[in-house]
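Structure first, commentary second.
Labels below follow one simple rule: chain letters A, B, ... track the order of the sequence lines, proteins then strands, and each chain is numbered from 1.
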Amino acid sequence: MSATAIPVVRRPVWRRLIGFNMLTGLVLGIAGWFLGAWVGGQIAVGHDYLLGTDQNDVGAFVGYLFAVIGWLVGLGFANYPIGRLLGRPPTLRHHELGGWTRYFRLCTDHKVVGIQYLFGVGIFFFIGGLNAMLMRTELLRPIEKAWPSGQYLTLVGLHGTMMIMMTSAFILGPFGNYFVPLMIGARRMAFPRVEALTFWLTPAAGLILMSAIAFGGLPFGWTGYAPLAVEGRGGVDAYVTAFILIAISLTLVGLNLLVTIVTMRAPGMTWTRLPIFVWGVLATSVLMALAAPVLVATMTMVLMDRAANTSYFLASAGGSPYLYENLFWFFGHPEVYILALPGFGIVLEILPVFTRKPLWGYRLAVAGMVGVMLLSFMVWQHHLFVSGMNAGLRPFYMLTTELISIPTGFIFLNAMGTLWRAQIRFTVPMLFALAFFFNFLIGGLSGVFLSDVPSDVTTHGSYFVMAHFHYTIMGGLVFAFFGAVYYWLPKMLGVVLNETLAKIHFWLMFVFFNLTFMPLFAAGFLGMPRRVSAYAPHLQVLNDFVSVSAFVLGFSMLVFLANLVWSLVFARIPAAENPWASRGLEWQVPTPVPVENFERIPVIRSGPYEYGVPNAPAVADFTPAALPAAGS
Amino acid sequence: MDASVHTALPDGVEPAELLARNVRLGARVWAASVGFFFVAFFFAFLYLRALDTNGLWRGWPHHHPTPSMGFGVAILVCVLASAAVARAAAMLEPTRRRVGAIAALLLSLAAVALQCAQFSSLGFGPTDAGYASVFVGWTGLFALFLLGTAYWLATVVADVSGDGASPAFQAAAIEAVSFVLIVLAGIEIAAFILLYLVV
Ligand code: HEM
Ligand SMILES: [Cu+2]
């Protein structure tokens with residue numbers, strides 16, 4: 001298991017293309033799709049209940065199944081499980097090659113997986129963003145112009161689903177995988193192979209979702225409500241499969257991080273010394289491990305309704321579309337906190353570094369996160385306030401939803417306490433962290449309006465909701481994501497990002513994000529419904545303003561991209577080991593981080609936020625002489 | 001829980017206990033995930049049964065799906081026995097673990113085989129409205145999870161037969177898989193009560 005000496009085998013490029021890698025995965029995946037579609041077709045032949053429809057969902061699903069199997073086999077995921085069956089001993093990792101090709105194959109180094117996630121998820125994020133640009137183009141005119149309404153709806157569905165799928169692991173994928181082991185003093189994640197799997201399922205899901213375009217598109221937004229989910233064209237098969245894959249991936253991400261944080265902490269890394277980001281990851285992991293399986297089950301029911309003609313969601317055959325709404329949101333509401341909690345963790349991690357003060361109210365922050373985590377399972381019916389739910393249940397869900405703003409408020413208290421009388425360094429990560437609080441405040445306050453039944457009755461299904469969740473997801477999570485990017489990329493990629501471009505990116509993004517989504521609250525109040533391509537003519541000025549802002553917002557992403565390419569490919573200014581003078585353990589290791597992370601497992605001596613505390617000991621002892629006593 | 005197991009070892013060598021703890025805790029989290037997966041079916045059963053949309057919960061008029069009780073009991077017994085045997089094997093001496101693991105594996109596979117046999121002579125199908133949908137989905141997916149757990153058991157058998165895995169890991173692995181089997185057994189009890197007795 002020793003990985004101190006990694007054999008770097010130099011082979012010609014053509015030789016490196018052969019073997020278990022992404023290319024093989026693609027080839028086998030495509031072959032698998034054709035094979036599966038044919039097999040599925042054979043299975044379906046002769047089942048009379050399929051005769052009435054003009055499409056073969058069995059073929060579609062078996063095709064996707066075989067495609068995924070081919071993809072994973074081609075990447076080499078089958079080798080170890082088969083070897084284990086044949087009695088090979090369990091090993092931790094043996095896929096830690098050097099060189100750039102390791103980014104395109106199964107690699108069990110958590111740092112490689114983190115970078116794979118960063119770029120993989122990033123690409124799909126940009127595709128989702130492109131869809132948003134297309135939608136805003138259509139909305140320049142109140143009448144249908146660029147795309148007929150069906151295609152517009154497909155755009156909405158693809159945009160929403162892609163964004164939700166990809167941003168669910170936006171922070172845990174890249175930064176959780178990369179930094180949690182470093183921050184807790186471990187050499188790896190608990191299950192490195194599972195970790196690799198969670199990443200490689202993600203591009204499969206993204207590609208499969210995009211294939212919906214070829215099979216008739218999507219008749220709904222990201223929520224995929226029944227009965228449309230059962231009746232829709234073949235694109236829905238892609239939606240269902242993609243969501244199942246992502247949900248499996250999220251379950252395993254949660255499981256892996258949870259176990260890692262509990263069992264792999266270095267000696268002295270007590271629960272009260274755990275960095276707050278790791279606490280955020282921990283709370284999110286619990287939600288992922290418990291809520292995502294419900295999504296797998298729900299989507300499997302849709303799959304069965306479509307391919308085997310069960311009737312979970314069809315009222316005409318004893319099912320109920322409300323069952324779908326309940327199950328979906330039983331996953332869906334924890335999901336929104338899967339999106340929010342990692343952001344809380346990031347911003348609270350960043351604040352002390354740039355205020356040079358201890359994090360104010362560490363325990364309060366932990367309580368806030370755990371409180372949000374627990375409550376988030378008890379509020380889902382607020383999405384069904386106007387779906388004809390039992391009126392007697394409304395006050396309960398209204399109350400639980402409003403309760404959630406209390407632990408969320410803790411996070412704001414932590415921030416205010418930390419910022420109080422601080423000498424703030426307005427670096428780019430800090431700017432993003434501060435913007436997070438501004439945006440999330442608006443997102444959170446609008447949420448209180450939505451949780452209030454009387455006001456939700458008038459705003460549900462309108463652009464008010466649209467503005468609300470973009471303020472929380474984009475204004476919250478995505479801003480936190482970029483904060484983390486600017487904060488941690490010097491460690492991950494070993495280069496300095498250009499600061500001027502970064503500031504331009506920040507200010508454009510911050511200003512035009514608000515200019516894009518703030519007016520949508522008004523559009524909602526003025527009665528503009530979601531997911532339609534035509535709207536009342538008097539709303540055109542408002543919409544044109546929003547569209548133009550959205551284009552600039554999209555442009556700000558290109559500034560970021562340009563900065564990344566410039567800094568990474570052309571400028572290549574090596575980053576200092578600890579450019580922010582942070583006390584975080586992850587900053588105390590060399591750049592680039594060695595495969596083994598730490599030469600010896602460090603012994604943690606003090607908490608990560610003791611800035612300006614007189615006589616605070618160094619965070620950790622990196623060369624412990626002897627085996628330390630338990631819990632020292 | 002203290003983290004002292006993970007002590008300062010010089011190179012890539014890790015204590016076997018760490019692997020063992022990971023697999024044990026991993027099994028518990030996985031079992032919770034599996035539990036929540038079936039919560040969806042539990043909920044679907046109660047919800048659709050209570051709503052009884054268009055009076056179709058129990059199937060189309062004049063055709064009320066009724067799965068055979070014999071198969072139901074047989075599957076239940078196999079699952080419970082598999083969990084019990086695996087648990088016992090986890091508590092046995094290392095030298096006698098092998099027989100227990102093999103027995104648990106065979107019992108799990110038997111349950112899956114019985115489920116397949118039941119499907120082939122069910123007398124109704126997925127298209128027979130509310131109850132039939134839940135029945136087919138729940139039992140079918142349960143068999144799938146059981147099959148996956150059987151794979152895991154097979155690796156345990158391979159481990160105790162060979163000499164690759166450390167004894168600490170072997171012990172932890174069989175304990176872990178038996179924990180998951182116990183949770184599956186609990187789910188199977190719920191399934192039996194709802195799908196065969198309550199209906
Ligand atoms: C450039 C930034 C963005 C713009 C201009 C934008 C614009 C839009 C528009 C126009 C819609 C359709 C509204 C409707 O007709 O109902 C929409 C829906 C949505 N967006 Fe965005 N969006 C952006 C970024 C994001 C991000 C970053 C996320 C998630 C992290 C996201 C998640 C969603 C979701 C979940 C929906 C709902 C889809 C549905 O109706 O099911 N968006 N967005
Ligand atoms: Cu909600």
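Contact count against chain B (heavy-atom pairs under 4.5 Å) is highest for L290(A) among N326(A), V294(A), L290(A). Interface check for chain A: of the options W60(B), F41(B), F169(B), the most heavy-atom pairs under 4.5 Å are formed by F41(B). Most heavy-atom pairs under 4.5 Å with chain B, from the set V296(A), T298(A), T251(A): that is V296(A). Annotation: maximal heavy-atom pairing with chain A below 4.5 Å, among F43(B), Y131(B), W57(B), occurs at F43(B).
A salt bridge links E175(B) to R87(B): one of the charged nitrogens lies within less than 4.0 Å of a carboxylate oxygen. In this structure, R84(A) pairs ionically with D159(B), as a charged nitrogen and a carboxylate oxygen lie closer than 4.0 Å.
At a 4.5 Å heavy-atom cutoff, M288(A) makes no contact with chain B through either its backbone or its side chain. Using a 4.5 Å cut-off between heavy atoms, F38(B) makes no contact with chain A at all. Contact annotation for S161(B): neither backbone nor side-chain heavy atoms come within less than 4.5 Å of a heavy atom of chain A. Within the 4.5 angstrom heavy-atom criterion, only side-chain atoms of T300(A), from C-beta onward, approach chain B. Only the side chain of F377(A) comes within contact range of chain B, with heavy atoms under 4.5 Å apart. Contact of L314(A) with chain B is not made at all, since no heavy-atom distance falls under 4.5 Å. When heavy atoms are compared at a cutoff of 4.5 Å, V134(B) approaches chain A by way of both its backbone and its side chain. For S320(A), the parts lying near chain B are the backbone and the side chain together; criterion is any non-hydrogen pair under 4.5 Å. Proximity to chain B (any heavy atom under 4.5 Å) is shown, for F331(A), by neither the backbone nor the side chain. For chain A, no part of A132(B) is nearby; none of its heavy atoms comes within less than 4.5 Å.
Note: F37(B) and F145(B) have tilted aromatic rings, judged against thresholds of 30 and 60 degrees for the angle between ring planes.
Figure legend: cation-pi geometry between R24(B) and F179(B) absent, as NZ or CZ is not positioned both under 6.0 Å from the six-membered ring centre and within 45° of its axis. In this structure, R306(A) forms no cation-pi arrangement with F61(A), as its terminal cationic atom is not both closer than 6.0 Å to the ring centre and no more than 45° off the ring axis.
Of the possible polar contacts, one joining the D305(A) side chain to the F313(A) backbone as a donor-acceptor pair under 3.5 Å is found.
A donor and an acceptor atom, one from each side chain of R600(A) and T623(A), are nowhere located under 3.5 Å apart. Counted by atom type alone, T263(A) and N22(B) present one or more donor-acceptor pairs between their side chains at under 3.5 Å.
The distance from the CG atom of L194(B) to the CZ atom of R49(B) is 8.5 Å, given to the nearest 0.5 Å.
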